[in-house]
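All remarks here apply to the structure that follows.
Start at 1 with the first residue, then count along the sequence.
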Amino acid sequence: MYYAVDKYGEAYNTIVRSCSSHSSCQLVLFVSCLNVDALCAAKILSLLFKKQLIQSQIVPVFGYSELKTHYDQIDDNVNTVMFIGFGGVVDLETFLEIDPEEYITENAKWKKRVSKRYIYVWDAQRPWNLDNLFGSEIVQCFDDGTVDDQLSEVKEAYYKLIQLEKEQDEDQDPDGDDEDDNNEDDVATDQDEDDDDDDDDDDPYSKKRSLSDSTDNNKRKRKMRKQQIHKYESIIDDYYAQGVTVVNSLAAQVYSLLSSIGETTLQNLWLTILGTTSLDTAFTQIYNRLCPLLQDEVRRLSPKSTGVKTPDTLTLNIQPDYYLFLLRHSSLYDSFYFSNYVNAKLSLWNESGKKRLHKMFARMGIPLTTAQESWLYMDHSIKRELGVIFDKNLDRYGLQDIVRDGFVRSFGYRGSISASEYLEALNALLEVGEAIHDDGISSKDEEDETLTEQENKSLKLHKRWLSNFWLSWDALDDKKLDILKLGIQHAQILQRAIFNTGVTVLEKKMIKHLRIYRLCVLREGPDLDLYRNPLTLLRLGNWLMECCAESEDKQLLPMVLASLDEATDTYLVAGLAPRYPRGLDMLQNRKPILNNFSMAFQQITAQTGAKVKIDNFESSIIEIKKADLSPFLEKLTLSGLI
């Protein structure tokens with residue numbers, strides 16, 4: 001079943017009643033460990049439950065096989081489970097091998113069916129799995145309005161299909177054949193034999209006509225039912241085949257819950273802003289839609305300034321923000337140079353682009369020596385007038401949208417940071433953790449002799465990602481700014497690596513234009529090991545896609561990006577949806593672009609028998625054996641699925 005937004009409070013009260021009356025932990029939260037939005041949503045929920053004195057266990061998971069392993073290990077006394085950042089697109093009862101008859105019991109007191117355990121799903125990916133929404137008493141989905149606003153036809157088709165299939169099953173005789181499939185002549189012959197024992201007054205021809213009419217009527221009903229089944233199946237198939245997208249911020253959905261129960265705070269709002277900001281690169285429309293609402297909340301919750309600043313003053317303000325990379329933590333020149341937005345607009349990856357950048361600084365009246373100074377020590381008069389300088393000079397370079405209203409968190413005398421900069425640090429911590437190793441694996445990790453070398457490598461990477469998750473979790477604490485500073489340092493290293501790889505890709509023309517998508521395959525390079533992590537591969541993909549969106553051909557094509565892992569002899573492959581240039585994607589009438597790679601990858605895998613591993617919660621990211629990549633891509637190109 002599902003909860004509409006106005007029913008979130010009802011779901012929360014049910015969870016509190018179920019989990020607060022026990023001395024042991026009754027609540028387990030499974031969180032996608034490679035999703036900043038899910039990380040922030042889980043942090044908000046954990047703080048909320050802690051305030052209510054509800055014990056909870058946080059379990060970060062990488063993919064579905066890991067989820068199944070951990071779920072099977074849950075104690076029987078756990079009555080509430082939450083999936084945060086995944087679970088909405090698969091049939092959970094089937095995947096987790098849940099027998100509803102073992103879970104559901106009749107409650108005599110309340111005179112209704114209840115489950116000994118409920119699974120609550122927070123997932124912003126679409127399409128929903130309809131069995132979770134409409135066919136399960138155990139799975140409870142938090143919907144953002146999608147069902148009631150957009151799925152009325154699909155909902156009707158789902159229930160109608162169940163009803164028609166039930167009728168079809170009831171028409172089956174014990175031998176499994178339809179009663180109406182009996183030969184009409186056989187019916188008539190059997191009837192004639194019975195008539196020999198009846199009185200001569202009975203009319204056998206009348207009975208024969210009656211049986212014939214009944215048979216014809218049943219056949220018409222069967223034919224009509226089959227037509228209806230086909231119609232409703234087509235509606236559901238079309239819904240599932242439309243492609244995958246993200247429709248909302250999980251943190252924003254959880255904040256809606258807080259609003260309904262009166263638990264909104266500046267801390268929770270800041271976490272919500274971070275989760276929402278994480279969608280700005282790939283799903284700009286969502287950020288643009290939610291940003292004004294978040295700004296209203298900042299104004300509502302922020303106390304009026306007294307002008308007095310203390311070492312411990314924590315504030316959240318709306319201030320100008322920039323599509324520049326870590327401006328407050330680097331130089332003005334580097335923040336322009338390593339900005340995805342500026343690089344795409346000015347083509348900084350070639351010499352003419354660099355010359356345009358230098359001319360732009362000259363036109364703004366900022367010497368290169370000043371621009372290359374650390375922001376902290378740069379001329380204060382320039383910093384104060386930066387917005388005015390940008391307004392006067394950046395239009396001619398297509399950078400008129402570089403300034404926007406953003407969110408800045410201040411930590412007393414310890415400094416301040418914007419949401420976009422904080423996000424860069426969080427992403428870096430999720431990707432590389434405490435240190436950027438050559439192979440992403442700590443030498444302290446012990447190997448399991450029962451596993452192959454490849455399995456040990458995979459196991460160690462999974463352990464590393466879990467460690468990175470907890471480091472990022474701690475970085476959300478206002479008092480642990482040292483972790484945040486580490487994340488900023490790693491973000492700068494990663495962005496330089498992305499830039500260097502991207503420049504190589506563009507200079508060597510490694511992006512191939514196939515019939516229906518772009519293809520880029522990375523087989524060598526000093527930073528190749530970084531792209532074992534799906535987040536880092538997507539970071540590079542977003543950099544390349546933004547450049548392609550601003551390129552001369554401006555073709556709206558998706559991209560397949562593959563990176564070789566020599567240690568495991570596999571490729572990590574990501575399918576990225578096409579991208580509009582910045583500015584065009586902000587138009588309100590522009591529909592979100594769907595990612596068709598999830599469905600395509602699954603179908604091609606089934607057709608080719610390629611050795612493909614689809615275990616990430618992001619189903620458009622797969623791992624494939626090196627030898628299978630070429631035939632897989634050839635089949636994808638000819639499939640027409642993209």
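Taking the ring centroids of Tyr64 and Phe95, they lie under the 6.0 Å cut-off. Aromatic pair Tyr3/Trp122: ring centres not closer than 6.0 Å.
Rounding to the nearest 0.5 Å gives a distance of 12.0 Å between OG of Ser598 and CG of Leu641. Cys40 SG to Leu476 CG: the interatomic distance, rounded to the nearest 0.5 Å, is 5.0 Å. Rounded to the nearest 0.5 Å, atoms CD1 (Ile58) and SG (Cys33) are 13.5 Å apart. Once rounded to the nearest 0.5 Å, the distance linking CD of Gln253 with CG of Asp144 reads 5.0 Å. A distance of 5.0 Å separates CD1 of Ile74 from CZ of Arg117, quoted to the nearest 0.5 Å. The distance from atom CZ of Arg126 to atom CD of Gln150, rounded to the nearest 0.5 Å, is 9.0 Å.
A salt bridge between Lys43 and Asp474 is absent, with no side-chain N of the basic residue lying under 4.0 Å from a carboxylate O of the acidic one. At a threshold of 4.0 Å, the pair Asp76-Lys116 does not count as salt-bridged, since none of the basic side-chain nitrogens sits closer than that to a carboxylate oxygen. By the 4.0 Å N-to-carboxylate-O rule, Asp72 lies close enough to Lys68 to be salt-bridged with it.
Relative ring orientation between Trp473 and Trp470 is described as perpendicular, the plane-to-plane angle rising above 60° on a 0-90° scale split at 30° and 60°. In this pair, Phe617 and Phe86 present their aromatic rings parallel. The plane angle is below 30°, not in the 30 to 60° band.
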May I have the list of side-chain donor-acceptor pairs in residues 230-239 shorter than 3.5 Å, sequence neighbours left out?
from	atom 1	to	atom 2	distance (Å)
Ser234	OG	His230	O	2.9
Tyr239	OH	Trp128	N	2.8

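Within the 4.5 Å cutoff, side-chain heavy atoms of Leu314 are placed close to those of Asp478.
Looking only at atom types and distance, the side chain of Arg300 has a donor-acceptor partner in the side chain of Thr264 under 3.5 Å away. Under the 3.5 Å distance criterion, with hydrogens and angles disregarded, no donor-acceptor pair is assigned to the side chains of Gln267 and Thr265. Checked by atom type, the side-chain pair Asn13/Tyr8 shows no donor-acceptor distance below 3.5 Å. Side-chain contact of Asp280 with Ser420: a donor-acceptor pair under 3.5 Å is absent, judged by distance alone. For Asn79 and Gln26, the side-chain atoms include at least one donor-acceptor pair closer than 3.5 Å.
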Show the numbers, then the answer: is there a side-chain contact (heavy atoms from CB on, under 4.5 Å) between Ser18 and Ile15? CA-CA 5 Å; Ser18 300; Ile15 294 170; 5.8 Å; no
